[in-house]
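So that the names make sense, note that chain A is the first sequence line, chain B the second, and so on, each numbered from 1.
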Amino acid sequence: MELFDLLIKLALVVAVFTIALVIAMYSTYAERKVAAFLQDRLGPNRAGPYGILQPLADGGKMFMKEEIIPSKADTFLFILGPCIAMMTACMTGVVIPWGNTLIIDGKAYIMQVTDINVGILFAFAVVSIGVYGIMIGGWASNNKYSLLGAIRASSQMISYELAMGFSIIALIMTTGSLSLRDIVEQQSGFHWNFLYQPLGCLLFIICAFAETNRAPFDLPECETELVGGYHTEYSSMKLGFYLFAEYINMFISAAIISALFFGGYNFPFLDKIDAPHNVITLIGTAIFFAKIIFFIFFFMWVRWTLPRFRYDQLMHLGWYVLLPISILNVLVTGAVTLFRNGQFHF
Amino acid sequence: MSVIAFYILTVLCIFSALMVVFSKKPVHSVLYTIFCFFNIAGHFLLLNAQFLAIVHIIVYAGAIMVLFLFTIMFLNLNAEVEPHKSNLLKVAAVVCGGLLLLILVSCLKGAENIPVNPMLDTQMGMVKNLGMVLYNEYMLPFEMLSILFLSAMVGAVLLGKKETK
Amino acid sequence: MDSLIVLLIPLLPLIGFIISGTLNKQANHTLINGLTCGSVFVSFLLSVILFYQLQSGSAPISYKLLNWIYVGALKLDLSFTVDALSSIMLLIITGIGFLIHVYSTGYMHDEPDYARFFSYLNLFVFFMLLLVMGNNFVVMFVGWEGVGLCSYLLIGFWFKNNAYNDAAKKAFVMNRIGDLGFLIGMFLILNKFGSLNYQTVFDLASHAATNDPTITVICICLFIGALGKSAQIPLYTWLPDAMAGPTPVSALIHAATMVTAGIYMIVRTNVLYTLSPDAGFLVAVMGVATALFAATIGLKQNDIKKVLAYSTVSQLGYMFAALGVGAYETGMFHVITHAFFKALLFLCAGSVIHAMSGEQDIRSMGGLRKKLPITHITFFIGTLAISGFPPFSGFFSKDEILAKVHEYNGGFMLFTILAITSVITAFYMFRLYWLTFWGNFRGNSHQASHLHESPKSITIPLILLAVFAASAGLIGLPHLFHAPHLLNNFLAPVIINAPTLEASASFEIALIVVSLIVLALVTYITYQIYVAKARIPVADADEKGISKWVANKYYIDELYNALITQPLQAVSTFANNYIEKYVIDGTVNSFRWLTNTGSLLIRQIQTGSIGLYIFGIVIGIICMFVFKFYLA
Amino acid sequence: MNIISEVGINSYLWLAAILFSIGVMGVLFRRNAIIILMCIELMLNAVNILFVAFSVMHNNPAGQIMVFFIMAVAAAEVAVGLAILILMYRNMGSVDIDTMKKLKW
């Protein structure tokens, strides 16, 4: 591997990491602004123009706060929890294709950290590991509220992982590939997957909400019921990690939703534009980010619009509604695929 | 480079496996188990079995160990709860394990003479390839596995249900 | 087509058995009648067809159902062959069987287990057909055992009566003794000729030397089988007891068909018997002895069926006498005539018993001829036939037997005994006849008011049988009349190398004249005793001297009891008390003790501690590895 | 590049043997049924490593399929096993295997 290639990868990694952090940071700001907008008020407007420096101020506050580690807590795990949450949140970014190829010096470089052929499974695996961050944190606090919050969070995530997995399976059946890049490239033009998998798309979005613990599925940290859920005992930057991880998760989820179902960096009439390849790639990347930002906004929009589920309603929805529907979706998709391939004999 | 990776993974693997056994707290054991499984997944990656590596993480780390952690949290097991075995038994256990290792290693002696296939088929561990084999040659075991799962699920639900009179 | 008929003949009764056997007790009588009687009747018609084909000179007709036992050199088929001999047996079995089926529909009308009875009857017909149709000894043996089974089932038909069950068991056990002989004979045949197929065995045997000791032993073994099945001395005691079964059963199984299986077997193996004059002589002697012996017992019996039973034993003795001297056709001739008149007599007896509401003792009868005219006439015909009055059928067959025995080298003694027996036969038959149908009624008032002639389903078979009993002798006219001996001609292809015994015409005339005079005398004497003087036999307990012996059947049952049963009983009691208790129980109990003590010790290992178990497992695995890789 | 030709199949055999023995030792060493179950998982994974190694070595995908089956069986086993453990805990208040001594005469 040449040094230059390595440098490009490194740059890409740094870029992705930075962009993720920045977007996550400004999501907190955006969240308040959107909330204010939806509730017809102003929102943060003191730090800098339009309050644009508010995330930095929040960060400073987080760093300055006192570190508290409960005396009966398992210290190592207490620290490990937020780290795992943060780490898993950031890891998914490596398989997301941020854009098409860039041609530098006659050689094509993909705008993706790595294109592993089981990318979608990798994303799924990382998401499933994300549970540990919450569970360990909640358990290590040695606090009953934290433990309850952690158990709620993890059972919620496990429950919705099933429906999510099934919707991905249905998607894979139509695309025939596990590589995210292949999936995105198949959607060039306007062959976006949500047209072929409308039900799967809906299911995936709902499950993504639950996986990121966003309203209306934000039971694990619901402020009023469980005193802050699994991170009751956390303070300062460890709390910041958890909150940050949530926003990164949101960003990554939006990216995956866009990539899987809404064409990724593809946009209609792509082939109509007469421009150099690199320019088109950059336009595609910009469009991809536009989609991501729309979905982040969508997340916030939903949060400030819909009321929260009760816990039993949440479980009921997961096991009795989403799971059967997703299985049905798989069956129908399979039948249609066989039928289209002419392998279906009545 | 991959040789170095192999040894790092191996050492971590054995270390975490030992820690599984010797950790005082069950939760630590679980976490070490997860860590061990990650290392094993790394071994799979080294062996070019990417699909298996990811599935290994999803199944073991993502599902099975979560269940363990869950159970431990539910039952609220800590180090204090577990009664100690007598030292004699512990020594016996270690001796037994060591003996087994000795026997296994000595029995496996000579395996290095088995010829290694020099041509590495990089496509072998791919989903498509495995799927072809699984759904053609191993169709019946696969179907039976589904029955096994169904019965395990029914059994688990039945066992976990509170008795209602 | 012909082969299909051969298959259908036994198959139809089997189907009848299966269907009627699976019907429940409440099944419609009409349905059962149609099924069982119909199947036998169709078989009869098919048998007639086969008979005519054989009559017109056709070769034996075979049907091979399947390859049955193929072991090494032994190749046995389950196949049926109908030749002249089996054809005659077929006619007897299905013809008389059909008449008795019809008779039974009337006789068993009120029986609750109607379907069971008829299914047994059909099963019997099936096995009997198997017995006579098989083309090898094994098929015959299957039929042989099958009819034994049916006999057992039917004797014990009213199984709620323990005495009947005992009679059934007795018949079964006695038959087993004979069957052992038959089996040994079969094995010897297999050993000597390497096959059990009739054709193969007889072809080989026709080249064998006369007086071959193996063949003599084979013949004697087979004859032991015949002794059991055909109720000859010493295995005859089951037959009188077998009268416990319903009367149609006595007529069909214990008079007309099954008991003649022994005769059939010997006629079938006539090649072997011809080769062994010694065995033949033994057969003749046993036959003659049985004839005389059973006849004397018949003189003192007062149960109407018992008299007939002993007479059956006696008549079977005649047949064996004929077979023993090598007159196989004559034996068959008597089988045919005996089948008619003995079935007739039994059915008449059934009709009488029916009318008497189950009473079987002739001392309680008398004067029935007015109330039961048809039964009376037919019974009279049967009596004349069995006594040998010319021109009834019994005369011709018995006359032929006497003539043949007389011609037998050194057979004068036998002839004399048979002649005397013939007189005794006439005596006890007329005694029975007079006591039953003449004189005054000696039963109680209830029976008197109940007396009536039987329904048509009973009387029609009686009339038909009476016609045959009267006329069947025409198929075997003596030389005297210069008419062809139809039966002998028909059977000629089956009988090979038999010695020719021809009586002179003057002897035959003398025989006829003498027998007529003697029989007339006997008739007159018995009339004088039992009708004119109205002497009623006294109760058994009041008998004195020799007649007491005779009335008690020479104490043969008691003799068997003392000689065989009691010692056996004693030995088994001893075995039960000592060997069973100390040796066998002791062995078993010591094992029990061993298990108990051992498990008491061993179960200490089962501590319930899973940890220890796992230790055991691991150590076991280590040991296995060590063993596999280092010790093995 | 084939990792097996670099480190040799013996290394994998050793690794698997060590992992397996550690699993066995854990089963003997601990009394907590949950940890015993985990040790069983360790043993299964030792086998898995060998399967994959030999699969690569002989260029035969059947070994990897077998790993697949082992994972599935392990999942089923854990589901039922943990259900039994929870039941045991409910009834006896402990998951110590030595408290389960009813399995005797």
Side-chain angles (χ1 to χ4, degrees), chain B residues 2-3 6 10 13-14 17-18 20-21 26 29 33 36-37 40 43-44 46-49 52 59 63-64 67-68 71-72 75 77 82-83 85 90 93-94 96-97 100-101 104-105 108 111-112 114 116-118 120-121 124-125 129-130 133-134 138 141 145 148-149 152-153 155-156 159-160, chain D residues 1-11 13-15 17-26 28-32 34-35 37-39 41-42 45 48-49 52-53 56-59 61-62 64-65 67-69 71-76 78-80 82-87 89 95-96:
Chain B
S2 46
V3 177
F6 172 84
T10 302
C13 205
I14 291 169
L18 283 173
V20 171
V21 177
S29 282
T33 317
C36 184
F37 288 166
I40 289 169
H43 274 300
F44 287 176
L46 275 183
L47 286 164
N48 211 34
L52 221 51
V59 171
I64 294 181
L67 275 184
F68 274 106
T71 314
I72 289 173
L75 306 187
L77 298 173
E82 187 177 345
K85 274 195 171 176
K90 285 184 177 176
V94 174
C96 244
L100 186 68
L101 175 64
L104 278 179
V105 166
L108 293 171
E112 68 269 16
I114 303 171
V116 178
N117 190 348
L120 178 64
D121 183 2
M124 195 186 66
N129 223 319
L130 289 183
V133 179
L134 180 62
Y138 293 90
L145 207 60
L148 171 76
F149 263 122
M153 191 175 80
L159 286 171
Chain D
M1 215 36 207
N2 194 338
I3 179 78
I4 291 180
S5 44
E6 287 180 44
V7 299
I9 188 72
N10 247 14
S11 315
L13 286 174
W14 271 82
L15 171 62
I18 292 171
L19 270 185
F20 191 86
S21 303
I22 291 174
V24 169
M25 191 177 68
L28 297 176
F29 196 80
R30 299 295 292 252
R31 300 173 66 174
N32 189 333
I34 291 181
I35 291 176
L37 272 182
M38 284 194 286
C39 290
E41 296 298 314
L42 273 185
N45 271 290
N48 280 355
I49 288 180
V52 176
V56 171
M57 184 170 153
H58 295 300
N59 220 346
Q64 304 196 15
I65 300 296
V67 174
F68 215 78
F69 287 146
M71 281 184 203
V73 171
V78 165
V80 177
L82 288 179
I84 291 172
L85 281 189
I86 289 177
L87 210 61
Y89 188 80
V95 288
D96 183 353

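Heavy-atom pairs under 4.5 Å with chain B were tallied for D:Ile9, D:Ile84, D:Leu15; the largest tally goes to D:Leu15. When D:Val73, D:Val24, D:Asn48 are compared by the number of non-hydrogen pairs under 4.5 Å with chain B, D:Asn48 comes out ahead. Interface summary for chain B: among D:Leu85, D:Leu19, D:Ile86, the most heavy-atom pairs under 4.5 angstrom belong to D:Leu19. The greatest number of non-hydrogen atom pairs below 4.5 Å with chain B, out of D:Gly8, D:Ser11, D:Ala79, is found for D:Ser11.
Neither the backbone nor the side chain of B:Ala63 has a heavy atom closer than 4.5 Å to any heavy atom of chain D. Proximity to chain B is limited to the side chain of D:Leu87, based on heavy atoms less than 4.5 angstrom apart. The contact between D:Val52 and chain B is made by backbone and side chain atoms together, counting heavy-atom distances below 4.5 Å. Only the side chain of B:Leu145 comes within less than 4.5 Å of a heavy atom in chain D; its backbone stays farther off. Only the side chain of B:Phe6 comes within less than 4.5 Å of a heavy atom of chain D; its backbone N, CA, C and O stay farther away. The contact between D:Val78 and chain B is made entirely by side chain atoms (from C-beta outward), counting heavy-atom distances below 4.5 Å.
The structure places CG of B:Leu159 at 11.0 Å from CG of D:Leu82, a figure rounded to the nearest 0.5 Å. To the nearest 0.5 angstrom, B:Leu101 atom CG is 9.5 Å from D:Met25 atom CE. Of the inter-residue distances, the one linking B:Cys13 atom SG with D:Ile18 atom CD1 reads 10.0 Å to the nearest 0.5 angstrom. Remark: D:Ile34 CD1 to B:Thr33 OG1 distance equals 11.5 Å, nearest 0.5 Å. Between the CD atom of D:Gln64 and the CG atom of B:Leu134 there is a distance of 11.5 Å, given to the nearest 0.5 Å. Rounded to the nearest 0.5 angstrom, D:Trp14 CH2 and B:Thr10 OG1 are separated by 13.0 Å.
Between D:Ser21 and B:Gly97, the closest heavy-atom pair is CB-O, 3.7 Å. Across every non-hydrogen atom of D:Met71 and B:Leu52, the tightest pair is CE-O, 4.0 Å. Nearest heavy-atom pair, B:Val133 versus D:Pro61, reported as atom, atom and distance to 0.1 Å: CG2-CG, 3.5 Å. Taking all atoms of both residues into account, the shortest heavy-atom contact from D:Met38 to B:Ser29 is CE-CB, 3.6 Å. Of all heavy-atom pairs between D:Tyr89 and B:Leu75, the closest is OH-O, 3.1 Å. Pairing each heavy atom of D:Ile22 with each of B:Ala17, the nearest pair is CG2-O, 3.6 Å.
Within the 4.5 Å cutoff, the side chain of D:Phe69 has no heavy atoms near those of the B:Leu148 side chain.
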Practice task
Check step by step if side chain to side chain contact (heavy atoms under 4.5 Å, CB included) holds for D:Cys39 and B:Val21.
Solution key: CA-CA 7 Å; D:Cys39 290; B:Val21 177; 4.2 Å; yes
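With B:Tyr138 contributing its side chain and D:Ile65 its backbone, the two residues share no donor-acceptor pair below 3.5 Å.
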